[in-house]
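Just so it is clear, the structure is predicted and the values come from calculations on it, not from any experiment. A, B, ... follow the sequence lines: proteins, then strands. Residue 1 opens every chain.
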2 protein chains.
Amino acid sequence: MLERIHLEILTAIKAHGTLTKAADSLHLSQSALSHSIKKLEGQIATPIWEKEGRNLRLTDAGEHIQTLANRVLPQLVHTELVLNQIAKGEAGSLRIGMECHPCYQWLLRVIHPYLQKWPNIDMDVKQAFQFGALGALLSYEIDVLITPDPLFTPKIDYIPVFDYEHRLVVAASHTLAKQDNVLPHQLSEEVLFSYPVEPLRLDIFSQFLNPAKCSVKKHKNIETTEIMLQMVAAGRGVCALPGWLVDEYAKSMPIKSLRFGEKGISKQIFVGVRNTEQDIDYLDDFIAQAKKTK
Amino acid sequence: MLERIHLEILTAIKAHGTLTKAADSLHLSQSALSHSIKKLEGQIATPIWEKEGRNLRLTDAGEHIQTLANRVLPQLVHTELVLNQIAKGEAGSLRIGMECHPCYQWLLRVIHPYLQKWPNIDMDVKQAFQFGALGALLSYEIDVLITPDPLFTPKIDYIPVFDYEHRLVVAASHTLAKQDNVLPHQLSEEVLFSYPVEPLRLDIFSQFLNPAKCSVKKHKNIETTEIMLQMVAAGRGVCALPGWLVDEYAKSMPIKSLRFGEKGISKQIFVGVRNTEQDIDYLDDFIAQAKKTK
DNA sequence: TGATAAACATGAATTTTGTTCATGAATTAA
DNA sequence: TTAATTCATGAACAAAATTCATGTTTATCA
């Protein structure tokens, strides 16, 4: 079997010319290399080098192994380097799960400085999970979960990273636009746009319409924030989004946001991590960065 | 140090799920794999897997090694396969040196069936050598030398592969074209085209003009056979080439060839090989193929 | 819920492998 | 011819890998 040592030996011979010097460079005796290759020659039943005068010349087989070594050894060395970084906590991978559609913009602001700071951390953002977001975290499909509704379990810690108000968005020309807040029955003739999520998990239903036994005229799913807001701005309907996100878009679009009822709907975004994984530098720092980012 | 066995172990775990089954697949004990990875973990100072229930889950470091294994192990296996072929004489490389300009066409005819028959032999044809053709053969720059003038030495065997006549080529409209052969003094007013080789090594000088103390009006070098014959066909001069080669071109060009003097110049093409390298199947077969090809 | 099975870890004993040392043979250079 | 260089080889020794026996934890099932 071709082992790493064989690749090292042939590379050293190519680099230093003689077996003796190659042995020195590998901190082994000339005899060790000679025995080592002799054994391999026995296994593959073909010579690897031939003596020419008092030097060696690689055979075709030897050249093949040498070519392989050129390709393979650097990869082994590189992986050892990465492993070393992992050991020091300077490298690793962070797979982020998102269970909060509008948080994407916020996440981009978290990620940007983080990637600068941790150049060797691989990052992967996923949005759909085979067994639900919680399952994904527990089954190591992801390492971090970003969600507005944490499902507390003993194995997962949730850290709140920021508070915001969930607000209704209407066109600037809408009659509701003049109000400071909206009441449930005022939406009965409206078209509601939302991300494609079960209605039960939408706060506008669970915390606003359902308790008041009210409803909307029609409920339509739209995948992206941009298109949803285009529709709202065009007066085609209304939607519910985080206040800070609406503020952002309101700069360039004719839209307005108002409070749900008199008290409004207060929300928090949580970062969930497996509680066995505290003390991982780059993970802790991700959470710190998340708390810092508004 | 990352060794092949570590790559094999992680691959087997990925493939079979448990350490015990992985051990079976590698024909080793579960304990052996456990010890082996434990040692590596000590060296790289980071865990490779973690126990989850009674199974294992690779850490980030483990995943890295596994990814490396996916890339590297197939290469090792492939090289072992090639080495095995080399051992059986089914693979290797044949570097052919050419010291005979017009032989190129002939070589193509030899090579064609040969490549079919030996699909795993690498072939390389070289035409210029750092220390001369003989030196190239002795220094293992090439494995086979094709030449019309063998320089006999104890270390090299020359095998004649075919005989031919060296002939003068003239335009069909040339006054000499009516003759069967040409005499030295008849060339004194002619322009002679030849490949760029020292005149001493041109048979037309060494075997025809010089012995008769004759010469030509002008001697010009031309690199390729095609252009040389175009010039001759256009009546711009004459040249000397193997009879069989002229016959080939005469089918489509207004040229004619005639004998040098009454006896003509007889030539042989030789294949030279290092005499330590008999009994190499694919080399022997190359020579056999060369003898067969006219 | 307790018994059983499955899976991995660990320490000691053993076997295998790798390494060195001493030496020989071949080649080159002085 | 002599000395130096280089690789090969066998024997002794050292180190590493492997197994064996056993322990611990976790999952399964009656």
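Atom-to-atom, CG of Leu19(A) to C1' of dA25(C) comes out at 16 Å; the value is rounded to the nearest Å. Summarising the geometry, the separation between CD1 on Ile13(A) and P on dT6(D) is reported as 13 Å, rounded to the nearest angstrom. Regarding Lys39(A), its NZ atom lies at a distance of 8 Å from the C1' atom of dG18(C), rounded to whole Å. At whole-Å resolution of the value, CD1 in Ile48(A) and P in dA8(D) are 11 Å apart. The interatomic distance linking Leu40(B) (CG) with dA16(D) (P) rounds to 14 Å, in whole Å. Rounded to an integer number of Å, the gap from Glu41(B) CD to dC8(C) P is 14 Å. Whole-Å rounding puts the Ile37(B) CD1 to dA7(C) P distance at 19 Å. In this entry the distance linking CZ of Arg57(A) with C1' of dC7(D) reads 15 Å, nearest Å.
Checking side-chain atoms of Tyr158(B) against main-chain N and O of Leu151(B) turns up a donor-acceptor pair under 3.5 Å.
Of the candidate nucleotides dT9(D), dA12(C), dT6(D), dA12(C) has the atom nearest to the side chain of His35(B).
Between Glu80(A) and Arg4(A) there is a salt bridge, since a side-chain N of the basic residue sits under 4.0 Å from a carboxylate O of the acidic one.
Remark: Lys51(B) is not in phosphate contact with dT25(D), judged by side-chain N or O atoms under 4.0 Å from OP1 or OP2. Put simply, Ser34(A) has a side-chain N or O that comes within less than 4.0 Å of OP1 or OP2 on dA8(D). The phosphate of dA8(D) (OP1 or OP2) has a side-chain N or O of Trp49(A) nearer than 4.0 angstrom. For Ser31(A), no side-chain nitrogen or oxygen approaches OP1 or OP2 of dC7(D) to under 4.0 Å. The phosphate of dC8(C) (OP1 or OP2) has a side-chain N or O of Thr20(B) nearer than 4.0 angstrom.
Across all strands, Leu56(B) comes closer than 4.0 Å only to sugar-phosphate atoms, never to a base (heavy-atom distances). When heavy atoms are screened at a 4.0 angstrom cut-off, Leu28(A) is found touching the sugar-phosphate backbone but no base atom.
Separation of the Trp106(A) and Phe162(A) ring centroids falls under the 6.0 Å cut-off.
Put simply, the side chain of Arg54(B) and the base of dT25(D) share no donor and acceptor less than 3.5 Å apart.
Residues Thr79(A) and His64(B) share a closest heavy-atom pair of CG2-O, 4.4 Å.
A donor atom on one side chain and an acceptor atom on the other are not found under 3.5 Å apart for Glu90(A) and Asn120(A).
Comparing Ala32(A) and Thr18(B) by the nucleotide of DNA chain C that holds the closest heavy atom to each, the one mapping nearer the 5' end is Thr18(B).
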